[in-house]
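Worksheet for the structure shown next.
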Amino acid sequence: KAGVTQTPRYLIKTRGQQVTLSCSPISGHRSVSWYQQTPGQGLQFLFEYFSETQRNKGNFPGRFSGRQFSNSRSEMNVSTLELGDSALYLCASSDQDGGEQYFGPGTRLTVT
Amino acid sequence: QKEVEQDPGPLSVPEGAIVSLNCTYSNSAFQYFMWYRQYSRKGPELLMYTYSSGNKEDGRFTAQVDKSSKYISLFIRDSQPSDSATYLCAMRQGAQKLVFGQGTRLTINP
């Protein structure tokens with residue numbers, strides 16, 4: 001099976017812009033979770049989608065949003081980018097509750 | 001206090017040594033426990049997955065979960081330079097979010 005894929009792999013944006021990141025889970029996986037990873041804060045949970053519904057949400061401002069499509073692919077959007085949004089954004093998929101989560105390679109976002 | 005505590009290291013050991021990595025946690029409801037390995041500028045790679053208490057072995061890796069002490073460990077035998085990476089523990093309760101430790105940076109010296 002192909003692993004979790006994320007596009008694009010690298011992005012450079014300017015403060016105030018918005019960005020959309022994409023994630024394709026492992027075939028058959030219905031749960032997709034998003035994380036932000038920074039050197040200072042480590043891995044922080046953003047949100048999880050399961051069968052097109054947001055099931056869990058982390059403590060991030062409303063500028064961070066996401067959605068999941070009927071084929072389980074997911075997108076996350078960050079509006080009004082801030083310098084502090086520079087991070088590695090990781091997507092992970094799982095095929096069952098409490099099951100193993102497999103990560104993609106991440107999208108490295110740099111905000112200037 | 002964080003839900004999951006993990007010593008960030010760095011930890012440096014000679015090749016061939018046994019490595020012990022640990023995490024403690026405060027939420028007794030956690031049921032699923034995982035260890036990930038992350039190389040620089042890559043996504044985390046799932047190494048071990050265990051449910052509830054007990055031991056699990058996979059090649060040179062052994063994961064232990066002690067729910068009574070709220071303590072999990074990962075042991076790496078016959079460590080290799082290619083094991084040099086950041087190791088992250090993670091755990092969750094049912095369908096709740098996965099909670100990660102800070103990660104331990106490990107270096108294996110040839």
Side-chain angles (χ1 to χ4, degrees), chain A residues 1 3-7 9-10 21 23-26 29-51 53-60 66 86-110, chain B residues 1-10 21 23-25 27 29-53 56 58 61 63 65 67 72 74 85-106:
Chain A
K1 276 187 183 178
V4 177
T5 59
Q6 292 186 247
T7 57
R9 293 293 311 280
Y10 303 92
L21 312 181
C23 171
S24 291
I26 292 172
H29 286 193
R30 292 192 294 164
S31 168
V32 173
S33 297
W34 288 89
Y35 298 85
Q36 182 196 67
Q37 187 175 37
T38 59
Q41 299 297 318
L43 262 163
Q44 292 187 287
F45 174 78
L46 281 155
F47 29 67
E48 179 192 8
Y49 287 87
F50 183 85
S51 293
T53 300
Q54 187 180 87
R55 183 162 67 174
N56 291 302
K57 189 176 188 305
N59 297 322
F60 278 80
S86 295
L88 181 66
Y89 289 87
L90 292 158
C91 162
S93 76
S94 175
D95 66 350
Q96 58 183 299
D97 289 347
E100 303 157 6
Q101 277 198 4
Y102 296 91
F103 281 82
T107 294
R108 185 162 297 278
L109 172 65
T110 302
Chain B
Q1 185 189 2
K2 293 183 178 181
E3 270 191 293
V4 179
E5 298 279 358
Q6 183 176 11
D7 186 341
L21 303 167
C23 289
T24 59
Y25 61 95
N27 186 350
F30 284 141
Q31 303 164 286
Y32 303 94
F33 303 90
M34 290 157 241
W35 285 95
Y36 288 86
R37 177 175 63 193
Q38 186 175 24
Y39 292 113
S40 181
R41 308 187 78 82
K42 303 283 188 182
E45 170 193 4
L46 181 64
L47 280 178
M48 300 292 281
Y49 170 84
T50 54
Y51 170 70
S52 194
S53 284
K56 184 174 182 178
D58 185 0
F61 298 90
V65 175
K67 290 195 73 178
I72 70 171
L74 177 70
T86 296
Y87 289 79
L88 298 141
C89 65
M91 48 200 80
R92 72 190 293 178
Q93 171 194 351
Q96 300 302 309
K97 67 178 183 180
L98 197 58
V99 181
F100 281 85
Q102 191 70 9
T104 300
R105 181 178 290 182
L106 172 67

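Worth knowing before you read on, the calculation uses all heavy atoms, side chains too, and leaves out hydrogens, waters and symmetry mates. We name chains A, B, ... by the order of the sequence lines, and we start the count at 1 in each one.
Heavy-atom minimum distance, A:F103 versus B:P44: CB-O, 3.3 Å.
Both the backbone and the side chain of B:L98 come within contact range of chain A, with heavy atoms under 4.5 Å apart. Using a 4.5 Å cut-off between heavy atoms, A:Y35 contacts chain B through its side chain alone, with no backbone atom that close. Proximity to chain B (any heavy atom under 4.5 Å) is restricted, for A:Q41, to the backbone atoms N, CA, C and O. Contact of A:E48 with chain B is made through the side chain alone, with heavy-atom distances under 4.5 Å.
Within a 6.0 Å sphere centred on NZ of B:K42, heavy atoms belonging to other residues, nucleotides or ligands number 12 at most.
Between the side chains of B:Y36 and B:Q38, no donor-acceptor pair of N or O atoms lies under 3.5 Å.
Taking CE from B:M91 and OG1 from B:T50, the interatomic distance works out to 9.0 Å, rounded to the nearest 0.5 Å.
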